[in-house]
2 protein chains.
Amino acid sequence: MPITRVPLREQIHSELLDRIHSGDIPPGSRVQDTTLARQLGVSRTPVREALIRLARDGVLDSDTGRGFRLRPFARAELRDVGGILAVLEPLALGLAPDFSPERLTGLADLARQLEQARGDVARIVELDEAWHRSLLADCPNRRLLELIATLRQVPRRYLHAYLREARRVSLSALHHTRVLDALRRGDRSAAAALLERRWRRGIQEMEGWIP
Amino acid sequence: MPITRVPLREQIHSELLDRIHSGDIPPGSRVQDTTLARQLGVSRTPVREALIRLARDGVLDSDTGRGFRLRPFARAELRDVGGILAVLEPLALGLAPDFSPERLTGLADLARQLEQARGDVARIVELDEAWHRSLLADCPNRRLLELIATLRQVPRRYLHAYLREARRVSLSALHHTRVLDALRRGDRSAAAALLERRWRRGIQEMEGWIP
DNA sequence: AAGCAGAATACTGTATACAGAACACTGTTC
DNA sequence: GAACAGTGTTCTGTATACAGTATTCTGCTT
């Protein structure tokens, strides 16, 4: 087992993301370092570091001297971030080398699991996340992958809430197989185009629902 | 005058970026919170917050328990970030509404100043930065603009060093006028294409120089 | 009863203190 | 002379303390 010392700030960061995605923290509500530090049994310092990062990533709002609060859902934010991802994910896909049979099988597996996960929101979102990560994993531009991962946090939060509240069992899971087919044919640009269209459609669908 | 309370961490962040760009801090060298805190006359806390942010933005390396150091120049990093910006800047340009005559004049002004700034590295970089910011300023996707600004920090550091050490007086300043011409004709997609090509060329030119 | 002044409180941003890990140095052993 | 163990120092990561500001509550005035 590789011994890894993970700084508290990162552990706290993940924990907070989980809470946010699961809806434990309602949009617009305050997020106080004192409270969290007490709850998690750590000091305020690493908590604040995690909060500052979340604020920079656009998950939290922070007015100087007035602390942090969970950013309320907003069409504009979803559209903005979606517009960026609609360009970056196809870019990453285009940069990846040819797909190995193993990778393709893995993707097909995930797609199958996704179809069977109807209803279980947390699982759907997690599998969709895994599918995309696997799709782009071979892209040599590490920086791009990290950026995509950070940006995806935003629509992910919306997707969670959308699936939960709009009672949609899944978000057009169909596209997974379509992209996969294109990759099997070796048609990378078709796959990239499908991926882009999927983003635009998905964002549009969620936008319509935002209160 | 609007009274704004800027947190120390942000002031320190800008100060550090300045030092990094100006070459005060040599690539690969350690960046210690203790030392900086002493120098700047503040405590370690806001300094560390600034360092953590720089590390996340890819400017610093940070091994847990071993502090921060300025990331050495690397072709891969420049290529990775350049590849992202080559896509995002044209995207932002495409989203902006039609350019007002004032904006066009402003851009022309900056381009002229750029031509006259031969030799003064800091000024060239600053003007180029201003030109791009002005070019994209009307893009309604704020999130995208912020992202671009963050990413630009990376090639900016390379550009500084390149101009200083490679004794190049300017980096193909020509493209500024070309893009501007396209905009004057109202040909947005041509402008976007030029912008993208400029990135690819510029990155390539700097790549060749990296030790 | 509504509105305002002022005190009390809570919380943020920053400073300082502490514990443990990494590194440098010295002396010892082979 | 080289390798290594032990020790001291430095530095990072985290905890706690403090100061100043925003917010809330209370009591008074109209």
Side-chain angles (χ1 to χ4, degrees), chain A residues 1-20 24-72 146, chain B residues 1-20 24-72 146:
Chain A
M1 185 190 80
I3 299 174
T4 51
R5 278 177 53 207
V6 179
L8 282 184
R9 60 170 171 277
E10 291 187 20
Q11 300 180 44
I12 296 168
H13 179 263
S14 322
E15 168 66 23
L16 287 178
L17 270 184
D18 279 351
R19 292 196 187 184
I20 289 168
D24 280 4
I25 304 174
S29 70
R30 293 190 56 183
V31 181
Q32 286 166 285
D33 53 10
T34 321
T35 313
L36 285 170
R38 238 197 333 260
Q39 283 176 18
L40 300 172
V42 297
S43 79
R44 283 177 56 214
T45 308
V47 173
R48 285 181 55 75
E49 287 168 355
L51 292 181
I52 290 169
R53 172 168 167 197
L54 285 171
R56 268 207 55 76
D57 290 347
V59 178
L60 302 180
D61 277 328
S62 79
D63 307 304
T64 309
R66 223 170 290 182
F68 302 86
R69 58 181 62 234
L70 185 53
R71 182 167 286 186
E146 207 185 319
Chain B
M1 186 189 82
I3 299 175
T4 51
R5 281 177 51 206
V6 179
L8 282 184
R9 60 171 171 277
E10 291 187 20
Q11 300 180 45
I12 296 167
H13 179 263
S14 322
E15 169 66 24
L16 287 178
L17 270 184
D18 280 351
R19 291 195 186 184
I20 289 169
D24 280 3
I25 304 175
S29 70
R30 294 191 55 183
V31 181
Q32 287 168 318
D33 54 10
T34 322
T35 314
L36 284 171
R38 239 195 335 259
Q39 283 177 18
L40 300 172
V42 296
S43 77
R44 283 176 56 211
T45 310
V47 172
R48 285 181 55 75
E49 287 167 355
L51 292 180
I52 290 169
R53 172 169 166 196
L54 286 171
R56 266 206 58 74
D57 290 348
V59 178
L60 302 180
D61 277 329
S62 77
D63 307 305
T64 308
R66 223 170 291 182
F68 303 86
R69 57 182 61 233
L70 185 53
R71 181 167 287 187
E146 208 184 318

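Within every chain, numbering begins at 1; the chains are lettered A, B, ... in the order of the sequence lines, protein sequences first and strands thereafter.
The stretch residues 42-57 of chain B touches DNA chain D through B/Arg44, B/Arg48, each having a heavy atom within less than 4.0 Å of the strand.
A/His13 has its NE2 atom 17 Å from the P atom of D/dG13, to the nearest Å. Distance CZ (A/Phe68) to P (C/dT12): 8 Å, rounded to an integer number of Å. Nucleotide C/dC23 holds its C1' atom 14 Å from the CG atom of B/Asp63, rounded to whole Å. Atom CG in B/Leu40 sits roughly 14 Å away from atom C1' in C/dT14 (whole-Å rounding). Between A/Leu8 atom CG and D/dT12 atom P there is a gap of 17 Å when expressed in whole angstrom units. Atoms CG (A/Leu36) and P (D/dT14) sit 16 Å apart, rounded to a whole Å.
B/Arg44 is linked by a side chain to side chain contact (heavy atoms under 4.5 Å, CB included) to B/Asp33, B/Thr34, B/Ala37, B/Arg48, counting only residues two or more places apart in sequence or in another chain. The side chain to side chain contact (heavy atoms under 4.5 Å, CB included) test applied to B/Ser29 returns B/Ile25, B/Pro26, not counting sequence neighbours. B/Asp24 pairs by the side chain to side chain contact (heavy atoms under 4.5 Å, CB included) definition with B/Arg19, B/Ser22, not counting sequence neighbours.
In this structure, A/Leu70 and A/Val59 approach most closely via the heavy-atom pair CD1-O, 3.5 Å. Heavy atoms only, all atoms of each residue included: B/Ala50 and B/Arg9 are closest at CB-O, 3.6 Å.
The backbone N or O of A/Gly28 lies less than 3.5 Å from a partner atom in the side chain of A/Arg69, making a donor-acceptor pair. In this structure, B/Ser14 contributes its side chain and B/Glu10 its backbone to a donor-acceptor pair below 3.5 Å.
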Look for any protein N or O under 3.5 Å of an N or O in nucleotides 7-11 of chain D and output each such pair with its distance, or none.
{"unit_1": "D/dC11", "atom_1": "OP1", "unit_2": "B/Gln32", "atom_2": "NE2", "d": "3.4"}

List, one per line, each side-chain donor-acceptor pair under 3.5 Å for residues 51-58 of chain A, sequence neighbours excluded.
{"unit_1": "A/Arg53", "atom_1": "NE", "unit_2": "A/His13", "atom_2": "NE2", "d": "3.4"}
{"unit_1": "A/Arg56", "atom_1": "NH2", "unit_2": "B/Thr150", "atom_2": "OG1", "d": "3.4"}

